[in-house]
Amino acid sequence: MSSSRGRAARLGRSVLDWLEERTSIVSMAEHFLYEPVPSRGRWLYTLGSATLFLITLQFLTGILLLFYYVPTTDHAWDSIYYVMSEVYFGRLIRGIHFWSANALIVVIGLHMMRTFLSGAYKRPREMNWVVGVFLIFIVTFLAFTGYGLRWDQEGFWAWEVGVMIASYTPLVGDWVVSFLLGGDTMGPASLSRLFAIHVWLLPALLAPLIGVHLFLLRKHGEFGSEFEYSERLARLRERRRLEGYLEEEEE
């Protein structure tokens with residue numbers, strides 16, 4: 001048993017070495033995954049990774065649900081009921097999709113709060129903060145459009161009320177209502193718009209923004225960690241020491 005495990009370990013190392021030599025995938029993965037965090041408050045620095053995990057979970061379970069969901073007013077709720085009652089692991093997959101969406105809103109809000117309190121929006125990380133703001137808006141709108149896709153009484157009227165609120169937007173309110181409803185009132189065109197926005201438009205915006213967010217994070221690192229604070233304080237003390245030394249020489 002031990003010899004077979006040893007052979008498997010050597011084979012795995014050989015495969016990784018082969019891939020690393022030709023693609024550098026191992027070093028890139030290490031650079032992407034491993035990041036030093038302060039010992040104090042270190043769990044707060046996992047909120048970004050938790051957000052990414054929940055978004056990935058939403059993508060995967062959403063793809064599985066797409067195999068059965070029918071975006072028509074006659075069959076939307078029936079297809080969801082079929083997933084919940086007839087499809088193998090359908091209740092589990094839809095439950096994961098539903099509850100992870102709720103958890104995502106909470107976790108991304110906590111992540112944004114931690115980012116603000118630790119000063120991660122400060123120079124040179126302003127652009128990453130702006131991208132993060134766009135991301136939280138997209139995630140919130142994703143959750144809202146997904147709520148309407150059930151096309152039951154709650155989803156129908158929630159979308160109706162949300163669109164009416166959007167109608168009060170200055171200058172573009174009427175255009176927003178026409179775009180979201182596909183007409184003057186809720187109907188089949190509204191569900192088609194909901195489906196297109198939730199499944200195609202918003203994920204197409206979300207995915208590249210996540211890539212930009214991660215790139216900027218790796219470029220500038222975390223702000224507010226004790227590593228960066230200690231480094232900045234050390235430079236400040238050294239500058240003050242040199243300034244005091246020069247003043248003494250002038251005297």
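Excluded from the calculations below are hydrogen atoms, water molecules and symmetry mates; all remaining heavy atoms, backbone and side chain alike, are included. The first residue of the sequence shown is numbered 1, and numbering continues consecutively from there. Given the structure is predicted, the values throughout are model-derived calculations rather than measurements.
By the rule that hydrophobic residues join a cluster once side-chain heavy atoms approach within less than 4.5 Å of another member, Phe98 and Val199 end up as members of separate clusters. Under the 4.5 Å side-chain contact rule for hydrophobic residues, Leu57 and Ile55 share a cluster.
The side-chain heavy atoms of Leu52 and Ile210, taken from C-beta on, include a pair separated by under 4.5 Å. Using a 4.5 Å heavy-atom cutoff, the side chains of Leu135 and His213 are in contact. Here the side chains of Tyr69 and Val83 are not in contact, with every heavy-atom distance at 4.5 Å or above. The closest side-chain heavy-atom distance from Leu205 to Phe134 is not below 4.5 Å.
Without hydrogens or angle criteria, Ser190 side chain to Gly187 main chain gives a donor-acceptor distance under 3.5 Å. Here the side chain of Tyr68 pairs no donor or acceptor atom with the backbone of Gly90 at under 3.5 angstrom. For Arg114 (side chain) and Tyr45 (main-chain N/O), no donor-acceptor pair under 3.5 Å exists by modelled atom type. Although no hydrogens or angles enter the test, the distance criterion places no donor-acceptor pair under 3.5 Å between the side chain of His111 and the main chain of Leu47. A distance-only check finds no donor-acceptor pair linking the side chain of Ser178 to the backbone of Asp174 [under 3.5 Å]. A distance-only check finds a donor-acceptor pair linking the side chain of Ser79 to the backbone of Val70 [under 3.5 Å].
Note on ring orientation: taking the six-membered ring where Trp is involved, the planes of Trp151 and Phe156 are perpendicular (angle over 60°, cut-offs 30° and 60°).
For the atom pair CD1 of Ile93 and CG of Leu64, the computed distance is 4.5 Å after rounding to the nearest 0.5 Å. With rounding to the nearest 0.5 angstrom, the CG atom of Leu202 is 4.5 Å from the CG atom of Leu142. Annotation: the span from Met112 atom CE to Leu117 atom CG amounts to 11.5 Å, rounded to 0.5 Å.
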Q: Carefully, step by step, assess Trp77 and Ile80 under the rule side chain to side chain contact (heavy atoms under 4.5 Å, CB included).
A: CA-CA 5 Å; Trp77 170 246; Ile80 294 176; 4.0 Å; yes
Q: Apply side chain to side chain contact (heavy atoms under 4.5 Å, CB included) to the pair Lys219 and Phe215, showing each step before the final yes or no.
A: CA-CA 6 Å; Lys219 179 177 176 60; Phe215 170 77; 4.3 Å; yes
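Proximity of the aromatic rings of Phe195 and Trp200 is defined here by a centroid distance below 6.0 angstrom, and this criterion is not met.
Asp78 meets the side-chain contact (heavy atoms from CB on, under 4.5 Å) test with no other residue; sequence neighbours excluded.
The environment of CD1 in Ile25 is sparse: at most 12 heavy-atom neighbours from other residues, nucleotides or ligands sit within 6.0 Å. Atom CE of Met84 has more than 12 heavy atoms from other residues, nucleotides or ligands within 6.0 Å.
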